[in-house]
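Data first, discussion second: the structure below is written as structure tokens.
Given the structure is predicted, the values throughout are model-derived calculations rather than measurements.
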Amino acid sequence: MCGIAGWVDFDHDAVPERALLERMTGTMACRGPDDQGLWLDHHVALGHRRLAIIDLDGGRQPMQAGTDGSGPAVVLTYSGEVYNFKELRATLRDRGHRF
């Protein structure tokens with residue numbers, strides 16, 4: 001079972017709070033012993049602990065996609081597995097997305 005932690009705060013800069021996010025994410029080490037990841041930006045802090053079930057070599061989170069010129073356009077973290085990822089990837093490739 002994976003674990004996620006974080007917050008959104010439009011009144012404060014989250015970047016200086018990296019140590020706090022590391023501690024929050026560290027409390028979930030037993031839920032996700034296989035990997036951990038952090039992502040911070042001005043108003044958002046996301047932490048993730050991963051238990052690898054499928055896609056053992058990949059699946060790093062938080063995931064980032066695209067760019068808006070100053071960083072990733074989209075950042076996502078979630079707890080769960082996408083079991084139909086092959087079909088979804090094929091559909092998205094057919095629509096012009098690259099992986």
Side-chain angles (χ1 to χ4, degrees):
M1 163 182 339
C2 298
I4 58 175
W7 67 90
V8 174
D9 185 342
F10 292 108
D11 294 325
H12 298 95
D13 186 358
V15 174
E17 303 297 337
R18 183 177 193 87
L20 174 60
L21 183 60
E22 287 174 346
R23 288 193 310 272
M24 290 170 64
T25 305
T27 66
M28 301 180 296
C30 62
R31 294 188 65 174
D34 297 319
D35 197 12
Q36 65 178 346
L38 304 174
W39 186 82
L40 293 101
D41 199 13
H42 297 294
H43 303 293
V44 181
L46 298 174
H48 185 269
R49 293 297 305 213
R50 182 168 188 254
L51 174 63
I53 305 295
I54 60 173
D55 191 21
L56 301 179
D57 294 330
R60 303 248 17 218
Q61 291 194 50
M63 294 180 271
Q64 302 176 34
T67 182
D68 65 3
S70 64
V74 176
V75 178
L76 167 79
T77 191
Y78 72 99
S79 178
E81 298 288 343
V82 179
Y83 290 99
N84 65 335
F85 65 92
K86 291 178 183 177
E87 295 86 359
L88 290 173
R89 181 174 286 206
T91 300
L92 291 170
R93 276 195 180 130
D94 290 346
R95 293 182 183 178
H97 296 275
R98 294 181 312 185
F99 294 87

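- Within the structure, salt bridge (Lys or Arg N to Asp or Glu O under 4.0 Å) contacts touching residues 15-30 (residues at least two apart or in different chains) are Arg18-Glu22.
- Put simply, SG on Cys2 and CG on Asp35 are 9.5 Å apart, with the number rounded to the nearest 0.5 Å.
- A single hydrophobic cluster is not seen to contain both Ile4 and Leu76; linkage of ILVMFWY side chains at heavy-atom distances under 4.5 Å, directly or through other members, places them apart.
- The distance from atom CZ of Arg50 to atom OG1 of Thr77, rounded to the nearest 0.5 Å, is 11.0 Å.
- Scanning all heavy atoms of the two residues, the minimum distance from Met24 to Ala5 falls at CE-CB, 4.0 Å.
- Atoms NE2 and OG, on His42 and Ser70 in that order, are 7.5 Å from each other to the nearest 0.5 Å.
- Distance check: Leu21 CG to Leu38 CG gives 4.5 Å after rounding to the nearest 0.5 Å.
- The NE2 atom of His48 sits 3.5 Å away from atom CD of Gln61, with the distance rounded to the nearest 0.5 Å.
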Side chain to side chain contact (heavy atoms under 4.5 Å, CB included) between His43 and Asp9, intermediate numbers included | CA-CA 5 Å; His43 303 293; Asp9 185 342; 5.8 Å; no
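- The shortest heavy-atom contact between Gln36 and Arg60 is O-NH2, 3.1 Å.
- Residues Asp41 and Asp13 come closest through the heavy atom pair O-OD1, 4.1 Å.
- Atoms CG and OH, on Leu88 and Tyr83 in that order, are 14.0 Å from each other to the nearest 0.5 Å.
- No path of Ile, Leu, Val, Met, Phe, Trp and Tyr side chains, each step under 4.5 Å between heavy atoms, connects Leu40 with Tyr78, placing them in separate hydrophobic clusters.
- Cluster partners of Leu46 are Val8, Phe10, Trp39, Val44, Val75, counting Ile, Leu, Val, Met, Phe, Trp and Tyr whose side-chain heavy atoms approach within less than 4.5 Å, directly or via other members.
- For residues 83-99, the set of pairs meeting the salt bridge (Lys or Arg N to Asp or Glu O under 4.0 Å) definition, not counting sequence neighbours, is empty.
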